[in-house]
Each structure stands twice: as structure tokens, then as C-alpha cells.
Asks: 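Right, I'll just put the structure down here and ask away after.
Remember, it's 1-based here, ligands and their atoms both numbered in the order they're listed.
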Amino acid sequence: MAELPAFLSAQEVGSFAYLTIKDRTPQILTKAIDTLHRHKSEFFEKHGEEGVEAEKKAISLLSKLRNELQTDKPIIPLVDKHIDTDIWNQYLEYQRSLLSEGDGEPRWFFSPWLFVECYMYRRIHEAVIQSPPIHDFDVFKESKDKNFFESQESINALCTHLQQLKPARDLSESQLKDEFFKLLQISLWGNKCDLSLSGGESSSQKTSVIDSLEGLKPFILINDTESLWTLLSKCKKTAKPPVVRVDIVLDNSGFELVTDLVFADFLLSSELATEIHFHGKTIPWFVSDVTVRDFNWTVEHVKSSDQEATSACGAAWENYVKMGGWIYHDHIFWTLPHPYCAMAQVAPDLYAELQKACLVLFKGDLNYRKLVSDRKWEFTVPFHQALSGFHPAPLCSIRTLKAELQVGLQPGQAEQLSASDPHWLTTGKYGVFQFDGPL
Ligand SMILES: O=P(O)(O)OC[C@H]1O[C@](O)(CO)[C@@H](O)[C@@H]1O
Ligand SMILES: [Mn+2]
């Protein structure tokens with residue numbers, strides 16, 4: 001069997017992985033430290049002196065982490081007692097076992113990028129949970145909420161658009177298909193708004209994305225949305241019992257989450273699907289990723305908007321949650337460092353859950369990296385092959401490109417892109433809808 005390509009890593013000076021570890025991650029840590037600092041008086045009001053001591057402890061743990069990273073120290077085991085601690089430490093042991101060169105220790109600028117980057121976010125969580133009574137504090141909450149508030153205008157425009165489509169079951173087949181494609185594209189471009197690429201700085205949506213869709217079409221490098229339409233139409237016809245389940249593996253909170261909820265609402269109200277299962281993170285992750293708190297907060301805030309259409313959306317969403325049309329799940333696997341080809345073995349319960357879906361949508365860049373194991377595949381390798389056996393159900397990645405990997409391109413396509421735009425892989429300017437599965 002042919003050897004698998006190497007993992008991306010920060011070893012390669014000048015690569016995007018290298019720049020992330022060298023510049024972006026220390027910046028994210030500094031911002032987290034600053035956030036804790038600014039909440040000092042709030043901690044004091046809530047918990048007295050103990051709160052201030054906890055703030056100091058969390059800050060010192062984060063400063064230590066930043067120092068380890070910047071001086072390329074060996075990756076050390078986690079010391080907290082969380083439900084995933086042992087799995088993390090076993091994975092670190094596994095990474096150690098793969099090394100034969102140097103001192104045999106996994107390091108920030110040497111080990112697989114996916115592993116060290118995930119590890120950094122897990123260490124941030126460790127610093128916070130080891131600092132009671134502020135162990136529940138989400139250092140990224142503030143910036144996630146800010147992204148939501150700064151995107152207000154786009155959110156209102158989107159919600160107005162959605163409300164105008166209702167009752168969606170009255171739309172003609174061709175209108176329905178048209179809207180399906182439109183809302184999918186909105187959800188794709190919503191993924192430009194993550195906060196980890198911008199080092200936690202604001203990255204909200206300020207213009208109306210609906211009006212920009214036509215102009216953005218040339219930036220969709222792979223567009224398998226026809227397959228999604230065919231698949232859902234077929235599921236609807238053949239489902240026995242009549243359940244059409246779509247799972248959405250969420251990415252970022254803020255504007256992107258709203259685009260996903262709007263799409264999920266459309267799927268139900270148009271009766272293209274009967275159940276939407278969302279998958280979020282159990283801990284704060286890659287700055288802007290959705291946790292259950294962000295999910296509920298977003299639904300509540302959309303509902304309490306002073307704009308009629310927006311608040312009508314929020315009310316409908318709350319009702320979907322109440323009535324079971326929308327089901328939110330979280331699982332520790334999503335915040336482990338494993339690529340998804342390991343899911344069946346590491347988290348068989350989650351794999352079995354995904355197998356129940358007619359279609360699974362994976363939002364965002366990190367999900368893509370995990371789908372294709374963060375390896376340096378040739379650009380033309382088929383997506384199915386890069387998934388390395390991960391086929392729980394028909395699936396589609398909806399991703400703007402923010403890391404140096406992409407598979408499934410036409411011969412010559414990558415070369416052409418490199419010539420016209422040397423940074424095409426990492427700026428989030430290009431996107432894909434990449435489908436895998438039988439139709
Ligand atoms: O929110 P997303 O789309 O998963 O992007 C996360 C960001 O973090 C990274 O995975 C690494 O920093 C980038 O590739 C990407 O810019
Ligand atoms: Mn993200």
C-alpha cells in the first residue's frame with residue numbers, strides 16, 4: 001500500500017502552520033490573559049478574595065503555557081481530572097511513541113500541527129478548570145458575543161429573507177431548490193467569520209451577504225450542492241418511517257451560527273428534512289466554536305430582537321428545540337486531537353449516532369482538517385480516499401479555505417490558483433461544498 005502523506009506541521013518555516021504557532025497562538029493566549037484580567041472586579045464581586053486569587057492562578061497557568069509554546073518546550077501531560085484527560089495523555093504517549101529523532105519528545109514546532117493546536121485549546125481549558133471558583137469562565141465568550149452584535153444588520157437581513165419564504169411548503173419546486181442553494185451558500189460564507197484566524201479580533205459580517213452571493217460564485221472551487229439536493233429529495237421519498245434526519249457539525253458562534261440556524265429552519269419549514277441534529281463543543285474551542293451556552297444564548301438573543309422578523313425566527317427556533325425538531329448534542333470527541341477516521345474506534349457511540357443521518361454537514365476549516373487527517377495530500381486526491389475510511393453517512397464539508405490543504409481538485413486547478421493568488425489556501429476567500437457518499 002502507498003505510504004500516507006505527512007501531517008502538516010510547524011516544522012516548515014514560513015508555512016501557515018508555522019505562522020499559526022509562532023504568531024497567532026501566542027496572540028490568542030495574550031488576549032485570553034487580558035480578558036481574565038479585565039474581569040477581575042467581576043470575579044471579586046462574585047467570589048470575593050477567592051475570585052481574585054483564582055484569576056491570578058489562571059493567568060499564571062496561561063503565561064506558563066505561552067512560555068512553553070514560544071520556547072518550543074516538550075508537550076507535557078495534562079494534570080487536570082476532566083473526563084477526557086486520560087484520552088489526551090494516551091494520545092500524547094502515542095505521539096511520543098512515533099518519534100525516533102531528537103530527544104523523542106513531542107514539541108510545538110515539530111509535532112503534527114493538528115495535535116499541538118488542539119492541545120493548546122485544551123490547555124487553556126485546563127488553566128481555567130484548575131482555578132475554582134472561576135472554573136466555569138469562558139475566556140472567548142466576550143468575543144463570540146461581540147461578533148454576534150456586530151453582525152446585527154446582516155442577521156436582520158437574513159432573518160427577514162427567511163420569514164419572507166414562509167410558509168416554505170408553498171414554494172414551487174424550482175423556488176425551493178433555488179433557496180436551498182442560496183441558504184447553503186450563505187452558510188458557507190458565514191464560515192469566513194471565525195475568530196481564530198483573526199487572532200480573536202473582530203471578524204463580523206457587516207454587509208448583506210445575500211446580495212453578494214452571485215459575485216462570490218467564482219470563489220466556490222468545488223460545488224457538490226446538486227448532490228445534496230438529489231440526496232435529500234431521495235431520502236424524503238424513500239424514508240420509512242418518514243424521518244429525514246440531517247446532522248450539522250457546527251463550527252463558529254456569532255454570524256456563522258445564525259446562517260446555520262437559518263438553513264436548518266429552512267430545511268424543516270420546507271419539509272426537506274424532519275429532524276436537525278446539531279453537534280457542538282463541550283468546552284471553549286478555537287476561539288469562536290459553539291458550546292451549548294452559545295447555542296442557547298444565540299436563540300434567546302435572536303428571539304429578543306426588536307426587529308420583528310428576527311424575533312419571529314428566534315421564537316420559531318425556540319419552538320423547534322422544545323418540540324424536538326432541533327436536537328443539540330455535544331460529545332468530547334469533537335475536542336480531542338484525533339482525525340475523524342479514528343472516530344469509529346475512539347468514540348463508537350458518536351459514530352453510531354452519525355450513522356442515523358441521511359446527511360451530515362461539517363462546517364468549517366478545522367472540521368475539514370480533521371476529515372482529511374490534516375495530511376499533505378496531493379490536491380487531486382479524491383475526497384473519498386482522503387477520508388481514510390470515515391464514512392458514517394453521506395457527508396458534505398462546507399468550508400472556506402483557511403489551512404494549506406485541499407483535496408478533490410481538478411488537475412491543474414491548484415497550479416492555476418497559486419499563480420493568480422498565492423494565498424488562496426489560507427485567506428478564507430475561497431470555499432468548497434465537498435460531498436462524499438452514495439446518492
Ligand atoms: O473556524 P474554522 O473555520 O474551523 O477555522 C479555524 C481556524 O483555525 C485553524 O484551523 C488554525 O488556526 C485555521 O486553519 C482556521 O483559520
Ligand atoms: Mn471554528
Asks: Taking the minimum heavy-atom distance to atom 4 (O) of ligand 1, which of L366, L425, T426 ranks first?
Replies: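 Considering heavy atoms of L366, L425, T426, the nearest to atom 4 (O) of ligand 1 sits in L366.
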Asks: Short list, please: which atoms of ligand 1 are under 4.0 Å from a heavy atom of G364?
Replies: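 In order of number, 3 (O).
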Asks: Between E117 and R369 (salt bridge meaning N to carboxylate O under 4.0 Å), is one present in this structure?
Replies: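 Yes, this pair counts.
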Asks: Heavy-atom contacts with T20 under 4.0 Å: which atoms of ligand 1 show up? List them by number with element.
Replies: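 In order of numbering, the contacting atoms are 12 (O).
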Asks: Under 2.8 Å from the Mn ion (ligand 2), is there any N, O or S atom belonging to D365?
Replies: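 No, D365 does not qualify, because none of its backbone or side-chain N, O or S atoms lies under 2.8 Å.
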Asks: State the atoms of ligand 1, each with its element, that fall below the 4.0 Å cut-off from a heavy-atom position in N191.
Replies: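 Those atoms are 3 (O).
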Asks: For residues D289 and F140, determine if any side-chain heavy atom of one lies less than 4.5 Å from a side-chain heavy atom of the other.
Replies: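 SC-SC contact between D289 and F140 ruled out.
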Asks: Under 6.0 Å between the ring centres of W424 and F379?
Replies: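 They qualify: ring centres under 6.0 Å apart.
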Asks: Can you list everything that forms a disulfide bond (SG atoms under 2.5 Å apart) with C358? Sequence neighbours excluded, please.
Replies: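 For C358, the residues satisfying disulfide bond (SG atoms under 2.5 Å apart) (neighbours in sequence not counted) are C235.
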Asks: For ligand 1, which atoms, with element, lie under 4.0 Å from some heavy atom of D365?
Replies: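 Result: 2 (P), 3 (O), 4 (O), 5 (O), 10 (O), 13 (C), 14 (O), 15 (C).
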Asks: So, of the N/O/S atoms that D251 has, which is the nearest one to the Mn ion (ligand 2)?
Replies: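 Sorting the N, O and S atoms of D251 by distance to the Mn ion (ligand 2) puts OD1 first.
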Asks: Does K141 make a cation-pi contact with W297, if we ask for NZ or CZ under 6.0 Å from the ring centre and within 45° of the axis?
Replies: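 Yes, cation above the ring, under 6.0 Å and within 45°.
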Asks: What do you reckon, does S288 have a nitrogen or oxygen under 3.5 Å from a nitrogen or oxygen of ligand 1?
Replies: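 No; every N/O pair is 3.5 Å or more apart.
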Asks: Below the 3.5 angstrom mark, is there an N/O of D251, backbone or side chain, next to an N/O of ligand 1?
Replies: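 Yes.
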Asks: Report the relative orientation of the aromatic rings in F362 and F390; use parallel for angles under 30°, tilted for 30 to 60°, perpendicular for over 60°.
Replies: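 F362 and F390: perpendicular rings.
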Asks: Given that the side chain starts at C-beta and the backbone is N, CA, C, O, which of these parts of E117 lies under 4.0 Å from ligand 1, counting heavy atoms, or is it both or neither?
Replies: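 Only the side chain of E117 comes within reach of ligand 1.
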Asks: With heavy-atom distances below 4.0 Å as the criterion, list the atoms of ligand 1 near R24.
Replies: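 By the 4.0 Å cutoff, the relevant atoms are 11 (C), 12 (O).
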Asks: N252 heavy atoms, cut-off 4.0 Å: which ligand 1 atoms fall inside?
Replies: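 In order of numbering, the contacting atoms are 1 (O).
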Asks: Verify the ring-centre separation between F43 and F137: is it less than 6.0 angstrom?
Replies: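 Yes; F43 has its ring centre under 6.0 Å from that of F137.
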Asks: If you stand at the Mn ion (ligand 2) and look out to OD1 of D289 and OD1 of N252, what angle do those two lines make, to 10°?
Replies: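 Angle OD1(D289)-the Mn ion (ligand 2)-OD1(N252): 80°, rounded to 10°.
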Asks: In terms of ring plane angle, is the pair F149 and H301 parallel, tilted or perpendicular, where the classes change at 30° and 60°?
Replies: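 Correct class here is perpendicular.
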Asks: Relative to the heavy atoms of A403, which atoms of ligand 1 are at a distance of less than 4.0 Å?
Replies: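 Taking each heavy atom of A403 in turn, ligand 1 has 14 (O) under 4.0 Å.
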Asks: Could you tell me whether a side-chain N or O of S15 sits under 3.5 Å from a main-chain N or O of Q11, the two making a donor and an acceptor?
Replies: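 Not confirmed, S15 side chain does not pair with Q11 backbone.
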Asks: Measure K363 to ligand 1 on non-hydrogen atoms and call it side chain, backbone, both or neither using the 4.0 Å cut-off.
Replies: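 Near ligand 1, K363 shows nothing, with every heavy atom at 4.0 Å or more.
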